[in-house]
Amino acid sequence: MSNKELQKWTAGRVKDYGNGTYSLYFYAGWKGDAVITVNLISYRESIIFLNFERNFNNDRLIWAANFTDGIAIETTNCTIINEGIWEDKCYYVNPSGLGKTAFVCDKPKKLSCETLSTTSHSLHALDSGTKEDLGSAAVYFSRQEEPYIGEQLRVKIKDNKDYKFPDLPSCGPDLPVTLSSGYWEDDLTFVPLMCRSQQWEINNIEKCLLRKHLYFYGDSTIQQISLHLRSLHLKNANVTSEFVLLRAGSPIQSFAEGIMEADYIDNIQDCTTITPVVIFNACFHFGAWTTRAYIERLFSTKLAMMRLLNRCPNAIVIIKSAHARNVISRVQSVHSANYVMYDMDRMMRRIFGGIGVRFLDIWDLALSHPAQNGVHMPKEVINQELYLMLSYTCPEMVRTP
């Protein structure tokens, strides 16, 4: 729902009653005219196909692995296997980081399995493999490049002089999902409705981060927040950022010891003189993982978070959600479908819920901004994500409206 003249935007919440009827809820953050636009992103048949691919297709992700002894170099193909039997392969396991999932490679002809040096993954290869898998199901994705947009509804929002802004809870662990996550006051300022947040000034950010160490683990969207934080040139920002292994569409990565998020979290030991703050997500670059392998990775990370919170009761753990993105081709609407991203968010909430972590839900924040939805949102959106993250990190510093 929007009013471009007033620079107001918000995303709605759909409630499905399971009988062919729905309700659509918006928070009316302004008075006057508003336009409601409804987009159909995925058909039921396409979702059935997506779920089948995610549950049973282990061959969608193929990495190139480089083996070297410092002189000779050999390249073979690898994939992730959660269950099954393999012979005459190089395989690499990390029970604390991947559970039962193994990284399995064709053996090089001359070099040993121990000489694995780097891995890389091509989006072109993923696109080609997805195109082959589509087959007759391609018809269900024929409109994905141009989602169906229904007739716009125009409504008039009446002024309510007796209305008071809701009394929101502090940004803390396990907050319920609200009917509205918030609205854009203008194209620079998002007003959250899930908890009390604020527009942070530099001196308050520095106070918030005093004696804290921020650890960012996840995909490139979480690295955007890390880089934006560094760009502020704060006096005392202590930031560590890791773009984790075995992601789709990645350039050459050093395989090193095969370290995953759980390993990094287990290495956090200093919590007597500082407060560790872990910001984690695993969405973009992981949409083509099978559901079972993805869940195993999340559960392994959850156990590491529980170990951290046990040895460091002062630690703060924040789980960042995915957000909707534009898909520019039919195959991208399969391996990077918005439905898959949304479903991954639901999995993260179910798996990490109840252990004391905080959920940084930015889906509606990004979706309702007037900029085109992409994997990497513009600075204005990242800035508001940072402010909301700080409100979860230092809720005691948020001013009461």
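Please read all numbers here as calculations on a predicted model, not as lab measurements.
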Would you please say whether a donor-acceptor pair under 3.5 Å links the side chains of N66 and T118?
yes

On a heavy-atom basis, which atom in N94 and which in M260 lie closest, and how many Å separate them?
ND2-CG, 3.7 Å

Take the angle between the ring planes of F103 and Y92 and call it parallel below 30°, perpendicular above 60°, tilted in between.
tilted

In the structure I gave you, are the side-chain heavy atoms of R349 and V177 within less than 4.5 Å of one another anywhere?
yes

Any chance the side chains of N51 and Y339 put a donor and an acceptor closer than 3.5 Å?
yes

Is the shortest heavy-atom distance from the side chain of P395 to the side chain of P169 under 4.5 Å?
no

Apply side chain to side chain contact (heavy atoms under 4.5 Å, CB included) to L175 and F359, showing your working.
CA-CA 8 Å; L175 293 177; F359 292 96; over 6 Å; no

Determine the sole option in N238, V277, I225, T275 for which the side chain to side chain contact (heavy atoms under 4.5 Å, CB included) test with L214 is passed.
V277

Return the CG to CD1 distance between L386 and I382, rounded to the nearest 0.5 Å.
9.5 Å

Between NZ on residue K320 and CD1 on residue I222, distance to nearest 0.5 Å
6.5 Å

Determine the minimum heavy-atom distance between E74 and L111, stating which atoms define it.
OE2-N, 3.0 Å

Sole candidate of F216, Y215, Y217 that passes ring pair (Phe, Tyr, Trp, His ring centres under 6.0 Å) when paired with Y264:
Y217

Hey, does the side chain of K8 reach the backbone of E185 with a donor-acceptor pair shorter than 3.5 angstrom?
yes

Would you find more than 12 non-hydrogen atoms of other residues, nucleotides or ligands less than 6.0 Å from Y387 atom OH?
yes

Does T79 use its side chain to pair, donor to acceptor, with the backbone of L61 at less than 3.5 Å?
yes

Might you work through the side chain to side chain contact (heavy atoms under 4.5 Å, CB included) test for T10 and W30, ending with a clear yes or no?
CA-CA 10 Å; T10 188; W30 65 92; 4.2 Å; yes

Using only heavy-atom distances, determine whether the side chains of W363 and S181 contain a donor-acceptor pair under 3.5 Å.
no

List the atom of V375, the atom of N326, and the distance in Å for their closest heavy-atom pair.
N-OD1, 4.4 Å

Close side-chain approach of I319 to Y392, heavy-atom, < 4.5 Å
no

Gap separating the CG atom of N267 from the CG atom of L308, nearest 0.5 angstrom:
11.0 Å

Could you walk me through whether Y91 and W86 pass the side chain to side chain contact (heavy atoms under 4.5 Å, CB included) check?
CA-CA 9 Å; Y91 65 94; W86 58 84; 3.4 Å; yes

Sidechain-backbone polar pair: Q269 side chain, D266 backbone, donor-acceptor under 3.5 Å:
yes

For atom NZ of K212, is the number of surrounding heavy atoms from other residues, nucleotides or ligands below 6.0 Å larger than 12?
yes

If only atom types and distance count, is the side chain of D219 paired as donor or acceptor with the main-chain N or O of N281 below 3.5 Å?
no

From V35, I36, D33, residue fulfilling side chain to side chain contact (heavy atoms under 4.5 Å, CB included) relative to V155:
I36

Quick check: does any side chain N or O of S46 sit under 3.5 Å from a backbone N or O of Y43, one acting as donor and the other as acceptor?
yes

How long is the span from the CH2 atom in W63 to the OG1 atom in T76, to the nearest 0.5 Å?
13.0 Å

For the student: nearest non-hydrogen atoms of N19 and T21, plus distance
OD1-OG1, 2.5 Å

V317 versus F280: any side-chain heavy-atom pair under 4.5 Å?
no

Check C113 against C105 for me: are their SG atoms closer than 2.5 Å?
no

Does E261 reach the main-chain N or O of G97 with its side chain, forming a donor-acceptor pair under 3.5 Å?
no

Side chain to side chain contact (heavy atoms under 4.5 Å, CB included), that's the test. Do R346 and D343 meet it? Break it down for me.
CA-CA 5 Å; R346 292 190 292 188; D343 199 36; 2.9 Å; yes

Distance alone, cut at 3.5 Å: any donor-acceptor contact between the side chains of S180 and Y25?
no

Between the side chain of D187 and the main-chain N/O of Q7, is any donor-acceptor distance below 3.5 Å?
no

Output yes when a side-chain donor or acceptor of K302 lies under 3.5 Å from a complementary backbone atom of I351, and no otherwise.
yes

Quick check against the 3.5 Å criterion: does H285 have a side-chain atom that pairs as donor or acceptor with the backbone of L246?
no

Quick one: does T301's side chain get under 4.5 Å of M305's, heavy atoms only?
yes

Minimum heavy-atom separation for A324 and L367, please, with both atom names.
CB-CD1, 3.9 Å

Between atom CE of M377 and atom CD1 of I362, what is the distance when rounded to the nearest 0.5 Å?
8.0 Å

Around atom CD of E87, are there more than 12 heavy atoms of other residues, nucleotides or ligands at under 6.0 Å?
no

Counting C-beta onward and ignoring hydrogens, is there a side-chain heavy-atom pair between E242 and I259 closer than 4.5 Å?
no

Should we count CG of D270 as having more than 12 external heavy atoms under 6.0 Å?
yes

Provide the closest heavy-atom pair for H323 versus F284 in the form atom of the first, atom of the second, distance.
O-CZ, 3.3 Å

Step by step, would you call S23 with Y17 a side chain to side chain donor-acceptor pair (under 3.5 Å)?
CA-CA 8 Å; S23 289; Y17 295 100; 2.8 Å; yes

Min side-chain heavy-atom separation L98-R297 under 4.5 Å:
yes

Between W200 and S391, is there a side-chain donor-acceptor contact under 3.5 Å, judged purely by atom types and distance?
yes

Can we say K110 and D69 salt-bridge, meaning some charged N sits less than 4.0 Å from an Asp/Glu carboxylate O?
no

Whether Q224 side chain and H376 backbone form a donor-acceptor pair below 3.5 Å:
no

Between CD1 of I279 and CE of M389, what distance do you get to the nearest 0.5 Å?
5.0 Å

Under a 4.5 Å cut-off applied to non-hydrogen side-chain atoms, are N338 and S333 in contact?
no

